[in-house]
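Working notes, structure below.
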Amino acid sequence: MTILVTGGAGFIGSNFIFYEREKHPEDRIVCLDKLTYAGNLSTLGSVLDAPNFRFVKDDICDREAVYRLFEEEHPDIVVHFAAESHVDRSIENPGVFLETNILGTAVLMDACRKYGITRYHQVSTDEVYGDLPLDRPDLFFTEETPIHTSSPYSSSKAAADLLVQAYHRTYGLPVSISRCSNNYGPYQFPEKLIPLMIANCLADKPLPVYGQGINVRDWLYVEDHCKAIDLIMRKGRVGEVYNIGGHNEMRNIDIVKLIIKELGKSEDLITFVTDRKGHDMRYAIDPAKIHAELGWLPETLFAEGIRKTIRWYLDNKEWWETIISGEYQNYYQQMYGHR
Ligand code: NAD
Ligand code: DAU
């Protein structure tokens with residue numbers, strides 16, 4: 001079987017490729033990635049020359065390139081990770097989010113219709129449900145929760161989900177959608193909360209906490225997300241949405257304090273900065289459906305996962321120091337310089 005993985009040079013996509021190669025070495029994996037600022041070919045260094053693997057640098061919005069690839073590879077399954085993924089960037093510059101996340105998804109699905117596939121899987125996010133109030137811990141996002149987005153990023157992901165459902169209903173495309181909560185683990189780009197705090201902490205730089213730091217996210221170790229996607233694309237029901245999350249809600253400030261403690265630094269590094277515009281208060285997933293239908297449960301406890309993650313960033317400094325020494329400096333200055 002050939003699996004086309006888009007966005008495989010990014011955080012979750014690369015972890016997914018490693019997981020699939022281990023779990024299903026018989027399958028051929030083709031990775032399509034544009035290598036934007038968030039994509040990193042060195043992440044895939046260990047598999048680039050492996051049999052049953054091919055890397056292709058192209059843009060999912062480039063219809064000709066995508067059709068050419070389908071003609072060459074005839075993938076059986078398409079798993080679509082490629083996206084602009086950072087909320088803060090979407091607030092500064094929404095345009096590219098609409099192009100990649102909406103139009104790119106349409107191009108891919110058109111190719112699936114034209115060449116035929118057995119499954120198209122859309123990697124979506126819990127952010128399409130909007131947020132929950134802090135004073136209602138009894139509320140969770142289920143697959144029936146209405147879509148209600150806050151940022152250009154989440155709106156573009158929601159638009160893509162609607163398109164995926166339309167292609168299923170209108171053209172009978174065999175699709176599935178997963179909506180996962182916040183991931184953490186190896187190879188996450190240092191613009192996101194956990195790696196940003198680890199990198200700053202190690203350099204004794206201020207730790208910029210938005211607002212009061214009381215926003216809640218539902219953290220899942222990336223490998224548990226990959227396991228869930230593998231199950232859904234192989235055994236999940238066509239046309240269905242599956243929520244993925246591990247009932248692991250934490251306030252941002254508590255995560256930051258935990259990282260400080262693990263690295264033996266001082267809480268004086270914490271700096272409260274201007275809040276994110278439209279900042280979602282709380283995300284919390286009800287994963288009952290994927291558990292009942294596919295037997296999925298998260299396997300990595302947060303205490304273990306965060307330690308593994310911090311260890312990984314300590315052991316792989318070259319990977320992220322290369323990233324933060326380049327264009328990232330301009331991004332950081334623009335985003336945090338006067339915050
Ligand atoms: P990421 O930003 O780390 O990686 C995105 C990858 O997509 C990069 O390799 C980039 O080069 C590639 N890409 C971007 N635009 C492209 C284009 N036009 N053509 C081809 N490739 C392109 O993202 P991530 O955090 O790994 O997220 C992957 C997917 O999972 C996204 O769809 C995101 O919405 C979703 N998701 C992420 C999380 C999370 O916590 N990170 C949680 C739930 C869902
Ligand atoms: O819930 C799933 C989503 O999780 C994914 O769809 C997104 O692709 C992914 O980026 C993530 O979105 P968040 O906005 O929740 O993640 P981020 O790491 O950017 O921020 C997590 C929380 O930490 C959020 O409440 C904002 C806060 N934060 C973030 C940064 C980067 C800070 O307080 N300071 C920071 O410097």
Side-chain angles (χ1 to χ4, degrees), residues 5-16 31-41 43-44 56-62 65-66 79-91 96-97 99-101 103-105 107-108 122-129 131 141 150-151 153-154 156-157 160-161 178-185 187-197 200 206-220 222 225-226 229 244-245 250-253 255-256 270-276 279-285 332 335-336 339:
V5 177
T6 71
F11 166 44
I12 309 175
S14 59
N15 278 283
F16 180 77
C31 171
L32 168 62
D33 198 298
K34 185 183 175 181
L35 297 181
T36 66
Y37 80 92
N40 196 334
L41 200 53
T43 302
L44 295 174
V56 178
K57 181 178 181 306
D58 257 316
D59 187 337
I60 52 164
C61 300
D62 182 342
V66 170
V79 196
H80 180 32
F81 291 93
E84 288 294 332
S85 70
H86 193 36
V87 173
D88 291 327
R89 288 187 193 251
S90 83
I91 294 167
V96 65
F97 284 73
E99 278 160 31
T100 293
N101 298 0
L103 299 180
T105 298
V107 169
L108 269 181
Q122 176 76 5
V123 181
S124 186
T125 167
D126 60 357
E127 295 200 17
V128 301
Y129 298 124
D131 63 351
F141 296 138
S150 310
S151 69
Y153 162 69
S154 55
S156 68
K157 292 295 289 185
D161 282 13
S178 53
R179 294 180 178 148
C180 189
S181 58
N182 286 61
N183 284 216
Y184 69 101
Y187 298 109
Q188 186 166 31
F189 193 86
E191 68 192 346
K192 304 286 165 61
L193 179 75
I194 289 179
L196 185 146
M197 295 299 166
N200 281 19
L207 307 179
V209 175
Y210 298 167
Q212 298 171 277
I214 55 175
N215 305 64
V216 169
R217 297 292 183 265
D218 182 356
W219 294 94
L220 184 72
V222 63
H225 186 188
C226 296
I229 292 173
I244 310 172
M250 300 204 39
R251 300 188 315 168
N252 296 337
I253 189 71
I255 301 244
V256 173
I270 295 175
T271 310
F272 291 98
V273 298
T274 309
D275 210 350
R276 175 184 278 175
H279 199 172
D280 282 336
M281 286 316 299
R282 170 177 169 247
Y283 302 147
I285 282 279
Y332 198 88
M335 210 55 105
Y336 296 94
R339 197 156 186 152

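The analysis underlying the following values was restricted to heavy atoms, covering all of them including side chains, and did not include hydrogens, waters or symmetry mates. The first residue of the sequence shown is numbered 1, and numbering continues consecutively from there. Note that ligands are numbered from 1 as they come in the structure, with each ligand's atoms numbered from 1 the same way.
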- Message: Is a donor from one side chain sitting under 3.5 angstrom from an acceptor on the other, for Asn200 and Tyr336?
- Response: no
- Item | Nearest protein heavy atom with distance in Å, relative to atom 5 (C) of ligand 1 | Ala83 O, 3.5 Å
- Exam field: side chain Arg282 to backbone Val216, donor-acceptor pair closer than 3.5 Å: no
- Item | From His80 atom NE2 to Ile229 atom CD1, the distance as rounded to the nearest 0.5 Å | 12.0 Å
- N/O donor-acceptor pair under 3.5 Å between Thr125 side chain and Arg179 backbone: no
- Message: Out of Arg179, Glu127, Lys157, Arg89, who is nearest to atom 32 (O) of ligand 1 when you count heavy atoms only?
- Response: Lys157
- In terms of its nearest heavy atom to atom 23 (O) of ligand 2, the top option of Asn252, Ile214, Val256 is Asn252
- Message: Using modelled atom types and a 3.5 Å cut-off, is there a donor and acceptor pairing between side-chain atoms of Thr6 and backbone atoms of Ala82?
- Response: yes
- Task: Hey, can you tell me if Tyr210 and His279 have their rings parallel, tilted or perpendicular (30° and 60° cut-offs)?
- Result: perpendicular
- Query: Is it the side chain (CB and beyond), the backbone, both or neither of Lys192 that lies under 4.0 Å from ligand 2, heavy atoms counted?
  - Reply: both
- Please determine, by modelled atom types, if Tyr184 and Arg217 share a side-chain donor-acceptor pair under 3.5 angstrom. no
- Report the part of Leu35 (side chain from C-beta onward, or backbone N, CA, C, O) that has a heavy atom under 4.0 Å from ligand 1; answer both or neither where that applies. backbone
- Note on the structure: Here the atoms of ligand 1 under 4.0 Å from any heavy atom belonging to Asn182 are 40 (O)
- Residue portion contacting ligand 1 (non-hydrogen atoms closer than 4.0 Å) for Phe11: both
- Item | Atoms of ligand 1 close to Ala9 [distance to a heavy atom under 4.0 angstrom, numbered from 1] | 9 (O)
- Note on the structure: Of Thr6, Ile229, Ile60, Leu108, the one whose closest heavy atom lies nearest atom 19 (N) of ligand 1 is Ile60
- Query: How does Tyr153 reach ligand 1, if at all, at less than 4.0 Å between non-hydrogen atoms: by side chain, backbone, both, or neither?
  - Reply: side chain
- What part of Asn182 sits under 4.0 Å from ligand 2 if we count only heavy atoms: the side chain, the backbone, both or neither? both
- Item | ligand 2 N/O within reach of Tyr210 N/O, cut-off under 3.5 Å | yes
- Could you tell me whether some N/O pair between Asn215 and ligand 2 is separated by less than 3.5 angstrom? no
- Query: Mind checking whether Phe81 has a heavy atom under 4.0 Å from ligand 1?
  - Reply: yes
- Message: Please evaluate residues Phe11 and Phe189 with respect to the criterion side-chain contact (heavy atoms from CB on, under 4.5 Å), reporting the C-alpha separation (whole Å), side-chain torsions for both, the decisive distance (0.1 Å), and the verdict.
- Response: CA-CA 7 Å; Phe11 166 44; Phe189 193 86; 5.9 Å; no
- Examine distances only and state if a side-chain atom of Asp218 and a backbone atom of Ser181 form a donor-acceptor pair shorter than 3.5 Å. no
- Taking heavy atoms and a distance under 4.0 Å, where does Leu193 meet ligand 2: side chain, backbone, both or neither? both
- Worked verdict on Ile60 versus Thr100 for side-chain contact (heavy atoms from CB on, under 4.5 Å): CA-CA 7 Å; Ile60 52 164; Thr100 293; 4.1 Å; yes
- Of Thr105, Val96, Asn101, Leu103, which meets side chain to side chain contact (heavy atoms under 4.5 Å, CB included) against Ser156? Asn101
- Query: Does an N or O anywhere in Tyr283 fall below 3.5 Å from an N or O of ligand 2?
  - Reply: no
- Protein heavy atom at shortest distance from atom 8 (O) of ligand 2: Ser85 O, 2.8 Å
- If we number the atoms of ligand 1 from 1 as shown, the ones under 4.0 Å from a heavy atom of Asp58 are 19 (N), 20 (C)
- Item | Val128 and Phe141, any side-chain heavy atoms less than 4.5 Å apart | no
- Heavy-atom contacts with Ser181 under 4.0 Å: which atoms of ligand 1 show up? List them by number with element. 42 (C), 43 (C)
- Considering only heavy atoms, does Asp33 approach ligand 1 within less than 4.0 Å through its side chain, its backbone, both, or neither? both
- Using non-hydrogen atoms of the residue, decide whether Gly8 is closer than 4.0 angstrom to ligand 1. no
- Note on the structure: Note: ligand 1 atoms sitting under 4.0 Å from heavy atoms of Lys34 are 16 (C), 17 (C), 18 (N), 19 (N), 20 (C), 21 (N), 22 (C)
- Donor-acceptor pair, Asn215 side chain versus Asp280 backbone, under 3.5 Å? yes
- Task: Report the part of Asn101 in contact with ligand 1, treating N, CA, C, O as backbone and CB onward as side chain, heavy atoms under 4.0 Å; options are side chain, backbone, both, neither.
- Result: neither
- Report the part of Glu191 (side chain from C-beta onward, or backbone N, CA, C, O) that has a heavy atom under 4.0 Å from ligand 2; answer both or neither where that applies. backbone
- If every non-hydrogen atom of Phe97 is compared with every non-hydrogen atom of His86, which pair is closest and at what distance? CZ-O, 3.3 Å
- Task: Output the list of atoms in ligand 1 that are nearer than 4.0 Å to some heavy atom of Asp59, sorted by atom number.
- Result: 17 (C), 18 (N), 19 (N)
- Polar proximity ligand 2 side, Met197 side, N/O cut 3.5 Å exclusive: no
- What do you reckon, does Glu127 have a nitrogen or oxygen under 3.5 Å from a nitrogen or oxygen of ligand 2? yes
- Does Asp58 reach the main-chain N or O of Ala65 with its side chain, forming a donor-acceptor pair under 3.5 Å? no
- Query: Quick one: which ligand 1 atoms are inside 4.0 Å of a heavy atom on Ser124?
  - Reply: 43 (C), 44 (C)
- ligand 2 and Thr125, any nitrogen or oxygen pair closer than 3.5 angstrom? yes
- Got an N/O contact under 3.5 Å between Asp126 and ligand 2? yes
